[in-house]
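Read the numbers this way: they start at 1 and go in the same order the structure lists the ligands and their atoms.
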Amino acid sequence: MTHAAQHLAPKHRESRFRVRCPHCNSFARARSSKQLTPIYREVRFECTNDACGHVWLAGLETLRTLCPSEQPNPEIDIPLTVAVPTTSAEPAAPAAAAG
Ligand SMILES: [Zn+2]
């Protein structure tokens, strides 16, 4: 086993997350992606394991805002992350209360 990648100085240590093949657990390579909506992107992955050869589509969806934008787009509605709820399943209101 060689370490051919070692001579590549990790200058650009991107925080690129790694995706693994759901079948063989090898690393996958993102081949292309398509922005379908402002908060949803489809990414085409290919397994790096030649013996596997799995190719699949994955969805990357914006779920929640952790830090609000300073330049918010009024057409974009992304729920803010809320603190861990301290109360879980309390009855919200008596059944008789209407409105
Ligand atoms: Zn695979």
With a cut-off of 2.8 Å, does any N, O or S atom of H54 fall short of it relative to the Zn ion (ligand 1)?
no

Specify whether an N/O/S atom of C47 falls short of 2.8 Å from the Zn ion (ligand 1).
yes

Please round to the nearest 0.5 Å and tell me the distance separating atom CZ of R44 and atom OG of S33.
12.0 Å

Are any of the side-chain heavy atoms of S26 and C52 separated by less than 4.5 Å?
no

Apex the Zn ion (ligand 1) - arms SG from C24 and SG from C52 - angle rounded to 10°:
110°

Looking at N73, I want to see if its CG is surrounded by more than 12 non-hydrogen atoms of other residues, nucleotides or ligands under 6.0 Å.
yes

Does NZ or CZ of R20 come closer than 6.0 Å to the centre of the six-membered ring of F27, within 45° of the ring's axis?
yes

